[in-house]
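Here's the structure we're looking at; comments come further down.
Convention: sequence-line order gives letters A, B, ...; per-chain numbering from 1.
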Amino acid sequence: MPTGREPVPSHRCAPSPADTPGRREEPSAAPAPHPSSRSQPRSVPASRSLSPDPALTSPLAAGRLSPYPPLPPPTCQHRGLPLGACSGSRAPIGAERRAGPSRRARPLPLPAPDMAVAGGARGPTSFQRRAGAGARPAALPGTRPALRHGQLLLSSGLPSLDCVLGGGVAVGTLLLIEEDKYGLYSNLLFKYFLAEGIVCGHDLFVASAKEHPDNILKELPAPLLDDTCGKELGDEATAIKSEDFQDSMKIAWRYQNLPKMEASPTPYTKFGHYYDISKKMPPELIQSIKWHSFYLHEELSSQPKMKICNMNGAYVRLLQSLQRIISQGGFDGSDPQKKQKNVLRIGIQGLGSLLWGDDICCSDSPEDVHSLTKFLYVLRGLLRKSLSACIITVPAHLIQFAIEKAKAYSVNINYLFHHTGCVFCFRVLQNKAIMERVTNLSDMVVGLESFIGSERETNPLYKDYHGLVHVHQIPRLNSLICEVSDTKDLAFRLKRKLFTIERLHLPPDLSATVSRASKQELAGSAKLLSSGCAAMATGKKHLDF
Amino acid sequence: MFAELNELLGASPQRPEPGRFTLLRDSRTDGSFLVHHFLSFYLRAGCKVCFVALLQSFSHYNIVAQKLGVNLTAAKERGQLVFLEGLKSCLDLVFGEEEEQPGQPSPLLFLRKSPSDLRALFEFVHASLSAPGSEAWAGPVLLVDDLSVLLSLGATPVAVLDFIHYCRACLCCQLKGNVVVLVHSSEESEDEENELVVNSLCHHSDLILWAEGLATGFCKDVHGQIKIIQRVSLQQPGEQDLIQIYQYKIQDRNVTFFARGLSAAVL
């Protein structure tokens, strides 16, 4: 009888029919380790079991919210993997791929890259037996350890983005979003990140030069409650099912029950919440957490102490404010009295734009090209030594705007300036270098490219989607390898209430006469798609075949 | 350290060659696995290592080094490893108190004073590798993780090249040690300053390890290709550089190298 069984929430999806009967009897034996197979009880069992973390549900409306909304039944059933019912003898999915010996020496979950070393007396190896339940540290709300290297992960607010990022946003790292042309969708991602922080009970720090943080917080999407979420996703599932029933397969009937297409990357454990964009976050939820704001135009009166030469004043103020909040809030472990540690989620909107006083977007010789990169470096230092995670949206399209223009027209740039009166960025080479340096200094970089205003908006191939997602970089934290998702061609779509990131699926060309035009478009779009790769390598832009 | 890479390079921890400047270069991929290799290699060889880690924290390197069989904390305690954590010293510089000890200026002083002067960083390296008691170790080694970060922090390319020149002169020639430096570069990169530094370093290095992403894009089984360039032309004028190209796959504790097209997945 395995010890430490966790109670099973009632909404968990049913185990697959492919399960052996023996396993069926113990649906709740999820992480509970069989004493013989593992000698070390998990220090954060809540992540493995799919029961709600007590720290998570208690402050928030006791039982109203379930952190693990059910997946639509067809996907769950037919994957053949009982997401809810892993028995002790069967390792979780991530560990299956690993070789035997390394499983034994799996490192324990570490709170943050640096905090791990400061936190306790660890022996020469990271493998350490835990004395008992009393000795384990309180689990941080809303976090779970990564399967591979034990790094603590937070949800980014969007479960499909979590899959793409390799499980979530690691504590102590920076997620950089390159804004799409009008900033609509990147704003959504920004809000999802903050909303997730509220639902998990984390502290927030919101910095913006465009909107007041109070207004940003008022506009956050409301979390989807358990029953309505089920209905929402269930509606779509029943729609699919009813279509299936009409044309049941006669010949390939064994494939009847397979899902038509795996659109969204399925997370291997349930982590993260869903949000309804059409509704606003209830103010009582916002009041339940502690949040700090930094609105540049209110802070301009204070005089920053410039310790770094040639740095933009706005950035210096932001860094000082951030450092003050981190040290006062005890996020960097400086306050040993604080028993209940919490995570700080930092959101900075529109960094690098003119509103922050940084003229890399629109000047031929920016005052200091290095301000943004210096800021990111100091921010990285602050993040690494504290229990925090940061999302930054950067208007990369503005910084790189002139490259396309200059290459397309290749006219004398001075002529263009004097006769059109528009401000381009002339130092083409300099400013594109900035984005490369910014990418090197960030951990995760995701670029959004929306179809608004481009010719792809009317292209029938992309009719289901609103834009593309390019994952430019995924970090290798505490290990030589990183979690890379298999799908590189990702697109996003904004449904009525939900925003999802899916694998870009071009429908099969079923017309009787396959037109040449559509083939060329497909080839063109395929080239563009595969040139954006994540983490491992990017190919040459133009290939011979 | 990766045994296969040692074989390819003809290196062995028992007899590390002195006086070499190794350049680690990556394009379109992450070449930090080479840094981990050299760190564990030189620590196993018994050399005194000064590691200037500008981009990641100590615990990151520590955890990876444990997988490779080396304990960085123990090495630090017995004085074999001097670790400069760039992120931490930058924070101390920016948010620390005003008064600094005159004998020990911050190595990243160029952030505050002048961007064209990396002298403080060089003094730090020199002091740590020529400190009394260093003769006990096999030879001094300087390892820099990511020189390109110095450019992002505002140092001029000439200052960076001066710093490397001083380090080479001091470590490779005087103290008969080794220098290993990682830089990022890319063929279609628009970063002129970076390309200047990288090209200049390429001309001065004895060994170049160039990790590139595959030209055809992402692959699950082959993570990239590595070009090993032995600069024979520096020692014997008239000779051509020896270039070898292999492909590699990074695993949890090891990196396997194989000839092009002969990855295990294909065979």
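- The distance from the CZ atom of A/Arg384 to the CD atom of B/Gln56 is 5.0 Å, given to the nearest 0.5 Å.
- Heavy atoms closer than 4.5 Å to chain B are found in both the backbone and the side chain of A/Leu319.
- Between B/Phe95 and A/Gln320, the shortest heavy-atom contact is CE2-CA, 4.1 Å.
- Within the 4.5 Å cutoff, side-chain heavy atoms of A/Arg380 are placed close to those of B/Leu55.
- More than 12 heavy atoms of other residues, nucleotides or ligands sit less than 6.0 Å from atom CZ of B/Arg44.
- In this structure a side-chain-to-backbone donor-acceptor pair under 3.5 Å is missing from B/His60 to A/Leu477.
- We find the CZ-CG distance between A/Arg437 and B/Asn194 to be 6.5 Å, quoted to the nearest 0.5 Å.
- Contact annotation: the side chain of A/Ile481 never approaches that of B/Phe33 to less than 4.5 Å [non-hydrogen atoms, C-beta and beyond].
- At distances below 3.5 Å, not a single donor-acceptor pair connects side-chain atoms of A/Tyr377 with backbone N or O atoms of B/Cys90.
- Using a 4.5 Å cut-off on side-chain heavy atoms (C-beta onward), A/Arg476 and B/Ile250 make contact.
- Ionic pairing of A/Lys385 and B/Glu85 is not present here: no N-O contact between side-chain nitrogen and carboxylate oxygen is shorter than 4.0 angstrom.
- Between B/Ser57 atom OG and A/Leu383 atom CG the span is 11.5 Å, to the nearest 0.5 Å.
- The choice from B/Asp146, B/Leu151, B/Asn254, B/Val255 that makes the most heavy-atom pairs within less than 4.5 Å of chain A is B/Leu151.
- Scanning both residues, B/Lys67 and A/Asn478, for their nearest heavy atoms gives NZ-O, 3.6 Å.
- With a 4.5 angstrom heavy-atom cutoff, A/Leu376 does not touch chain B via any of its atoms.
- The OG atom of A/Ser479 sits 6.0 Å away from the CG atom of B/Asp252 when rounded to the nearest 0.5 Å.
- Rounding to the nearest 0.5 angstrom, the gap separating the CG atom in B/Leu153 from the CG atom in A/Leu441 is 7.0 Å.
- Shortest non-hydrogen contact noted between A/Asn440 and B/His184 is ND2-CD2, 3.9 Å.
- A/Leu480 has its side chain within reach of B/Val64: a pair of non-hydrogen atoms, C-beta onward, lies under 4.5 Å apart.
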